[in-house]
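Single-structure report; data block below.
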Amino acid sequence: MPMETKTLIGKDVPRTDGRAKATGQAIYADDIKLPGMLYGKLLRSPLPHARILSIDTRRAAAMPGVRCVITGQDIPRVTYGNWRLFPGTQDEYALAMDKVRFIGDEVAAVAAVDRETAQAAIEQIYVEYEELPGVFDVDASLATGAPVVHDTSPTNISIDRKIAYGDIEAGFAASDYVREDTFTVHAVSHAYMEPCACVAQSDLDGRITLWTSTQTPYIVQCLLASTMNMRENDIRVIKPAVGGGFGGKMELRPWEFCAAFMARKTGRPVKFTLTREEELAFGRRRHPMTIHSKVGFKNDGTLVAKDLHIYLDGGAYNAMGPTATFLSGNFGAMLYRYPSYRYLGEHVYTNKPPASAMRGFGAPQTLFAAETQMNIAAEELGIDPIQIRLKNAMVSGDELPGVATISSCGFVESLKEVRRISGWSRKRKNLKTGRGVGIGCYSFISGGVFNWFNTQYPFSAAEVRAFDDGTVHLLSMASDIGQGSDTVLKQILAETLGLKMEDIRLTAADTAMTPQADLGTWGSRVTLMAGNAVLDAANKIKERLAGAVSARYNLNVIFDIEFADGRVYAAGKPDRGMTFGEAVAFVQKTQRGEPLVARGSYTPRGKGLVSPAFSFGAQVAEVTVDTDTGQIQVEKMWTAHDCGTVLNPMAVEGQLEGSVQMGLGYALSEQFVMDGGKTLNTTFLDYKMPNAADMPPGESVCIDTFEPEGPMGAKEAGEGLASPTAPAIAEAVFHATGYRCKDLPITPEKVLKGLGKL
Amino acid sequence: MKHDISLTVNGDTYTLAVEAWRTLNEVLREDLNLTGTKLGCGSGDCGACTVIVDGKSVSSCLTLAVEMDGRRILTVEGLAPSGETLHPIQEAFIEKGAIQCGFCTPGMELSALHLLKTNPLPSDTQIRSAISGNLCRCTGYNKIVDAIAEAGRRMDPPSKTGR
Ligand code: FES
Ligand code: FES
């Protein structure tokens, strides 16, 4: 009988870079130092909206120790932004050409022998501006006669996205209960602990090597090539250890361009390291949104129609906003069966730091609205919030017409489990005023199907080289930015080949050395897509080795070949077999010395427009609210979620717990304080993200499903969980006090106002 | 003007000339190439730069190098000096899943060391308060708290824990 027990899958395999990180040996971009290296610094706009009349760099350039000063006039006039699928939406230059559009917009760059000189030189660059009136929120930006941020978008709407199916008017006409609300959500920071940094080197032959803190080395490679007027293959991007990204490191960034450009000009390596102040004051952030949502129900709680209109406050450039605009529409239609649905998303320019992708990519905002509205409807229809969800929950096989098919779905089970472990029914009835429980749910994508980057390569690829010493070398462009994908990819490979984790050497995320291509770490795509590519390559290796063993032992073709414990053998006949290394040697002999190498790839096909697979989950929060001070204490969080086969429970739990930290901050404490386009809270002292003492205890259950499209049945676990926490807490606050928050974050002040005490 | 200082880092003594405004963090990372100590904020708010100076945990980003004359400093590179056997804190961090991106890890480990030196078997609340100056954006802290508790048990003599 073949033994189908898994030795590595579903196990708490510790991450394989753990030792390097625990000992301080892991190398992050700012740790890199090359001989002759120069230090770069950016000059940024102090004004939110202004025309550049002149820039005088002479004083700076003449300073001792300054090797290079560049402005928009020195670089190719090639735009980037929103990747490259829709050239019309690429609205950004690495350095401003004639106008600045937000406080922090990059205007010039300096490379000097040390940091202090670079900083001093920046202060010697004189820019003459003609200040223009600015727009700082969506309403102002859309007002008639509002200042125009980009001449290409006279209405300040840079892009819109529509989705529609079913007969929405008939749906509302047939509804017994129609609810209409406007929700607003705010900007928050990714606040990855590692500030962005990069080092660029011009190679001996003029090609560029760039080490950068990125989630998307391939995309940086391609966009750096186009903006530098170079060929893609002349750019090599290497991702060192990355200290978190959460969506904030998935574009080409001005400092990457400036480092490469100035390295080429000076012939010396150039490093840029951002300060935390730059990160918080000028960095990308999650989109603030104004969300108008109208839903229709039958009296029994059955959903009939939904009309969703969202304005995304995009800030000064598109960044990844157009993608977020599309995805928000998809997330608005997830979780429940909406017989008719209409979505209009409009991405609006304002004179603020650009918003972009951030963990959830539109879902935390859209689902805060959708889940809160579901809770409102439950309340008004007199149905338990979990009951109304069960009534409308998506199930496996459901379709979003023309958009996606849900191939596996553990949502109903998640709802039931979270109800059970949280003691929901009892608490909903019995908790005293000031204490409450609430629910929020999510569904998320496991990578995108749409070819957002217009790549000519597979979405993920892997190469496996097998050696006669019983080891293998995996090459993959997938980017581990802390989530642990390197470890999971090794687990998948080791499990498939019957090897141990330590038998696998990995080269990852080096665009010159790893197979083309991988679209990077975003949209929770890595485990599914890179995992499938690894599996594909591994299976090809297996096929070859199985053939060798079969030939060596003259096995009947009907025999299965097993791979376990570093051996390859006929199923049920362990003596008819050899070690993995011997089998590799055997194959190698049959091909006269040629090494045993296989390439695998994955590109989703026939999977609709959005994603090959969807995760689901439900979360319950219990809170205590002090009705005199408005202070909210989250007592506990319960989560039940479906991420398909759990490849590494410890890693999945880590994603969940990290998501709760971010969700808690989003719900209660984190927000950018802005004044006329200026971000006022630019330190961690003033930007309040939860610390260890702020975290509530938690309990969680993984729902066992098998995703047919996923590697070994797996799907995403990293991003969806960023969404349910805020609506769950908001509902718990309502349950505790009667105050309903439709405007994140939930501050004590809002609670007191809501209770009429302020 | 530069000042001559002599400091001991992880048991090795270095003599350097430093400008008055340079921080310990810069000297460690740039002059001594001890890049295990991170810089997450530069303003004393995140703990990524935590090192131990004469037995006390400090933010190296706020500490001037000139003040380090004659001091003994421990950085993450000195936690497991041999490089072969890891410190129980490092082992527990790896095994318990307390590390994701790893950027907060060196600072967390040193804050943990400082805590466990004074309070070998801390409660959950005590651990959380001891690392409340160390921010982590990846883990949600729970596994870090578990790892520190576990390290405490491993470091504590068995006679006291009954193990
Ligand atoms: S870098 Fe020193 S506390 Fe943040
Ligand atoms: S592990 Fe990434 S910041 Fe803590």
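Computation of the quantities below employed the complete heavy-atom set of this structure, encompassing side-chain atoms and omitting hydrogens, waters and symmetry-equivalent molecules.
Annotation: side chain of B:Cys46 is in contact with side chain of A:Met193 (closest heavy-atom distance under 4.5 Å).
The candidate with the highest count of non-hydrogen atom pairs below 4.5 Å against chain A, out of B:Cys101, B:Gly36, B:Cys41, B:Gly102, is B:Cys101. In terms of non-hydrogen atom pairs under 4.5 Å with chain B, the most contact-rich of A:Ala692, A:Gly482, A:Gly24, A:Gly658 is A:Ala692.
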Considering only heavy-atom distances, could you tabulate the donor-acceptor pairs under 3.5 Å between chain B and chain A?
residue: B:Arg29; atom: NH1; partner: A:Asp31; partner atom: OD1; Å: 3.0
residue: B:Arg29; atom: NH2; partner: A:Asp30; partner atom: O; Å: 3.3
residue: B:Arg29; atom: NH2; partner: A:Asp30; partner atom: OD2; Å: 2.8
residue: B:Arg29; atom: NH2; partner: A:Asp31; partner atom: OD1; Å: 2.7
residue: B:Glu30; atom: O; partner: A:Lys33; partner atom: NZ; Å: 2.5
residue: B:Glu30; atom: OE2; partner: A:Arg115; partner atom: NH1; Å: 3.0
residue: B:Glu30; atom: OE2; partner: A:Arg115; partner atom: NH2; Å: 3.2
residue: B:Asn33; atom: OD1; partner: A:Lys33; partner atom: NZ; Å: 3.1
residue: B:Lys38; atom: NZ; partner: A:Asp31; partner atom: OD1; Å: 3.3
residue: B:Lys38; atom: NZ; partner: A:Asp31; partner atom: OD2; Å: 2.5
residue: B:Gly40; atom: O; partner: A:Arg276; partner atom: NE; Å: 2.8
residue: B:Gly40; atom: O; partner: A:Arg276; partner atom: NH2; Å: 3.1
residue: B:Gly83; atom: O; partner: A:Arg19; partner atom: NH2; Å: 2.8
residue: B:Glu84; atom: O; partner: A:Arg19; partner atom: NH2; Å: 2.7
residue: B:Gln90; atom: NE2; partner: A:Ala22; partner atom: O; Å: 2.9
residue: B:Gln100; atom: O; partner: A:Arg15; partner atom: NH1; Å: 3.3
residue: B:Gln100; atom: O; partner: A:Arg15; partner atom: NH2; Å: 3.4
residue: B:Gln100; atom: O; partner: A:Lys21; partner atom: NZ; Å: 2.8
residue: B:Gln100; atom: OE1; partner: A:Gln655; partner atom: NE2; Å: 3.4
residue: B:Gln100; atom: NE2; partner: A:Gly654; partner atom: O; Å: 3.1
residue: B:Cys101; atom: O; partner: A:Lys21; partner atom: NZ; Å: 3.2
residue: B:Cys101; atom: O; partner: A:Tyr28; partner atom: OH; Å: 2.6
residue: B:Gly102; atom: O; partner: A:Tyr28; partner atom: OH; Å: 3.4
residue: B:Arg128; atom: NH1; partner: A:Ala692; partner atom: O; Å: 2.8
residue: B:Ser132; atom: O; partner: A:Asn691; partner atom: ND2; Å: 3.4
residue: B:Arg137; atom: NE; partner: A:His190; partner atom: O; Å: 2.9
residue: B:Arg137; atom: NH1; partner: A:Gln661; partner atom: OE1; Å: 3.0
residue: B:Arg137; atom: NH1; partner: A:Glu670; partner atom: OE2; Å: 2.8
residue: B:Arg137; atom: NH2; partner: A:Ser189; partner atom: O; Å: 2.9
residue: B:Arg137; atom: NH2; partner: A:Glu670; partner atom: OE1; Å: 2.8
residue: B:Tyr141; atom: OH; partner: A:Pro690; partner atom: O; Å: 2.8
residue: B:Lys143; atom: NZ; partner: A:Glu653; partner atom: OE1; Å: 2.4

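With a 4.5 Å cut-off on non-hydrogen atoms, A:Val242 touches chain B through its backbone but not through its side chain. Using a 4.5 Å cut-off between heavy atoms, A:Ala191 contacts chain B through both its backbone and its side chain. Residue contact with chain B, scored on non-hydrogen atoms closer than 4.5 Å, involves the backbone and the side chain of A:Leu685 alike. For a residue to count as touching a neighbouring chain, one of its non-hydrogen atoms must lie under 4.5 Å from one of that chain's; by this rule B:Leu34 does not touch chain A.
Legend: residues meeting salt bridge (Lys or Arg N to Asp or Glu O under 4.0 Å) with B:Arg71, ordered by chain and number and at least two apart, are B:Asp54.
The shortest non-hydrogen separation linking B:Ile99 to A:Ala22 is CD1-CB, 3.9 Å. Between B:Gly40 and A:Pro195, the shortest heavy-atom contact is O-CG, 3.8 Å. The two residues B:Phe103 and A:Gly243 come nearest to each other via the heavy atoms CB-CA, 4.0 Å.
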